[in-house]
**Q** 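There's a structure below that I have some questions on.
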There are 2 protein chains.
Amino acid sequence: MRVLSKATVYGLRALVYMASERERTGYVSIGEIAEKLNISFHFLTKTFQTLTQHGILESYRGPNGGVALTKPAEQLFLTDIVHVLEGADFFDKCLLGLPGCGVEAPCPVHDFWKEAKRAMKEEFDITSLAELGEKVSDERFRLVA
Amino acid sequence: MRVLSKATVYGLRALVYMASERERTGYVSIGEIAEKLNISFHFLTKTFQTLTQHGILESYRGPNGGVALTKPAEQLFLTDIVHVLEGADFFDKCLLGLPGCGVEAPCPVHDFWKEAKRAMKEEFDITSLAELGEKVSDERFRLVA
DNA sequence: TGTATTTAAGACAATTTTGTCCCAAAACTA
DNA sequence: TAGTTTTGGGACAAAATTGTCTTAAATACA
Ligand code: SF4
Ligand code: SF4
């Protein structure tokens, strides 16, 4: 049950790490994040470029440069991230993957799946990077293996 | 949100089609299924070979040959299919994909995801091919675009 | 000005997934 | 037996995903 691509998983972990370092001011370098979370620097860089291009992050080059959230972590929700990294149709995809679905022509798992998607979307809508970052900085949860 | 691979999606559609033809006796040819559902014959064949090797289907070669469910469709559940086609760890995969998870070392989305997985597993456990096939043969649901 | 640091961008390779094709094996029919 | 139908199995190709690398651009600082 792969729900998110690796690119999204790495991006999310990295964003939560940033949110968990809330006391820090200024930019966080991608190199530091990649090292701390033990993920590929170059791969993460590409994902972060996408996030920068879509207004989730702002970047700054040079010494003491790096990336920073464009908004307080309280105002960035999982839905926003997934929207950028997985596409706007993320919550429209389906178990049986038939194109052009709707109430008039459902597949046989529609009733269940519709509800499952609704629950997941609701959770993603209300879960902020701040909330996840707090859990991590409280030491109760982890981001690395 | 891709939950199932194409191979699984095609396999599932095909199995539900077979279950929807419950009045028929004998083997159903893979060619017929592929044509009716508009999916690749060769690709479906490979998936069906896997299902045959794992006891979900039995096959018979030659004229009037094809495949048949090894058990009544009432006794084949989505969990059984997914187990074979996606692997035994299907319901162990996670949003953040950290290895070796558990209650002692959860990631920050664990609480939500654990519940989401439980709900999905429960549904897969109780949903039979017969139930889905009936919905299709009642003409209320569809399997093709 | 020159060097070090850091992101931007894109080429490129490796891997996995998806899809196609060919031929062999089994079974039926004439 | 010969010919047809159908699954079995493997080679192969195409596409998508994942991962690596190189170079350029921007910035800081000595
Ligand atoms: S009918 Fe519903 S669950 Fe099925 S493929 Fe369409 S939108 Fe998805
Ligand atoms: S902590 Fe839970 S949700 Fe997070 S990766 Fe592990 S098992 Fe999955």
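Only heavy atoms go into these numbers, but all of them, side chains included; no hydrogens, no water, no symmetry mates. Every chain is numbered from 1, with letters handed out A, B, ... down the list of sequences.
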**Q** Looking at dG19(D), does its base get a donor-acceptor pair with the side chain of Lys46(A) below 3.5 Å?
**A**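 Result: at least one qualifying N/O pair found.
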**Q** Would you indicate what Tyr10(A) reaches in the nucleic acid, counting non-hydrogen atoms under 4.0 angstrom: base, sugar-phosphate, or nothing?
**A**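 Since only primed, P, OP1 and OP2 atoms lie under 4.0 Å of Tyr10(A), the category is sugar-phosphate.
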**Q** Checking side-chain contact (heavy atoms from CB on, under 4.5 Å) between Phe90(B) and each of Thr79(B), Val82(B), Leu85(B), Thr8(B), which is the one that passes?
**A**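 Of Thr79(B), Val82(B), Leu85(B), Thr8(B), side-chain contact (heavy atoms from CB on, under 4.5 Å) with Phe90(B) is met by Val82(B) alone.
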**Q** For Phe48(B), which contact category applies under a 4.0 Å heavy-atom criterion: base, sugar-phosphate, or nothing?
**A**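 No contact.
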**Q** Hey, what do you get for CZ (Arg13(A)) to OG1 (Thr47(A)), rounding to the nearest 0.5 Å?
**A**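 Rounded to the nearest 0.5 Å, the CZ-OG1 separation comes to 12.0 Å.
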**Q** Give the rounded distance in Å between these two atoms: CD of Gln49(A) and C1' of dA26(D).
**A**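 My rounded result for the distance is 14 Å.
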**Q** So does Glu58(B) have more than 12 non-hydrogen atoms from other groups sitting under 6.0 Å from CD?
**A**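 Buried by this count: over 12 neighbours within 6.0 Å.
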**Q** dT18(D), dG19(C), dC28(C): which one has an atom nearest the side-chain heavy atoms of Pro63(B)?
**A**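 Minimum distance to the Pro63(B) side chain belongs to dC28(C).
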**Q** From CG of Leu44(B) over to C1' of dT6(D), roughly how many Å is that when rounded to an integer?
**A**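 Taking atom C1' of dT6(D) as the reference, CG of Leu44(B) is at 14 Å.
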**Q** For Tyr27(B) and dA27(C), what is the distance between atoms OH and P respectively, to the nearest whole Å?
**A**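 It is 10 Å, rounded to the nearest whole Å.
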**Q** Taking atom CG as the centre, does Asp138(A) end up with more than 12 heavy-atom neighbours from other residues, nucleotides or ligands that are less than 6.0 angstrom away?
**A**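 Result for CG/Asp138(A): enclosed.
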**Q** Please classify the nucleic acid contact of Glu58(A) as base, sugar-phosphate, or nothing, using heavy-atom distances under 4.0 Å.
**A**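 Touches nothing.
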**Q** Output yes when at least one side-chain N/O atom of Ser29(A) is less than 4.0 Å from OP1 or OP2 of dT5(C), else no.
**A**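 Ser29(A) to dT5(C) OP1/OP2: no side-chain N or O under 4.0 Å.
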**Q** Has Ser59(B) got a side-chain N or O lying under 4.0 Å from the OP1 or OP2 atom of dG8(D)?
**A**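 True: Ser59(B) side-chain N/O within range (under 4.0 Å) of dG8(D) OP1/OP2.
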**Q** Calculate the interatomic distance between Lys6(B) atom NZ and dT18(C) atom P; express it in whole Å.
**A**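 Interatomic distance, NZ of Lys6(B) to P of dT18(C): 7 Å.
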**Q** What class does the angle between the rings of Phe124(A) and Phe91(A) fall in, given that below 30° is parallel, 30 to 60° is tilted and above 60° is perpendicular?
**A**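 Aromatic pair Phe124(A)/Phe91(A) classed perpendicular.
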**Q** Consider the side chain of Tyr60(B), meaning its heavy atoms from C-beta on, and name the nucleotide among dC28(C), dA8(C), dT20(D) that approaches it most closely.
**A**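 The nucleotide sitting nearest to the side chain is dC28(C).
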**Q** Which part of the nucleic acid does Glu32(B) contact within heavy-atom distance under 4.0 Å: base, sugar-phosphate only, or nothing?
**A**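 Result for Glu32(B) = nothing.
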**Q** Check the distance between dT7(D)'s P and Asn64(B)'s CG and give it to me in whole angstrom.
**A**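 It works out to 11 Å between those atoms.
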**Q** Starting at atom NE2 of His42(B), determine the distance to atom C1' of dT20(C), rounded to an integer number of angstrom.
**A**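 Atom NE2 in His42(B) sits about 7 Å away from atom C1' in dT20(C).
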**Q** Can you tell me the distance, in whole Å, between the CD atom of Gln53(A) and the C1' atom of dG10(C)?
**A**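 That distance rounds to 12 Å.
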**Q** Just how far, in rounded Å, is P of dT16(C) from CG of Leu4(B)?
**A**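 The answer, rounded to whole Å, is 20 Å.
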**Q** Which sits closer to the 5' end of DNA chain D, Arg2(A) or Arg61(B), going by the nucleotide each is nearest to?
**A**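 Closest to the 5' end, via its nearest nucleotide, is Arg61(B).
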**Q** Quick check on dT7(D): is either OP1 or OP2 less than 4.0 Å from any side-chain nitrogen or oxygen of Thr52(B)?
**A**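 No, no such contact exists.
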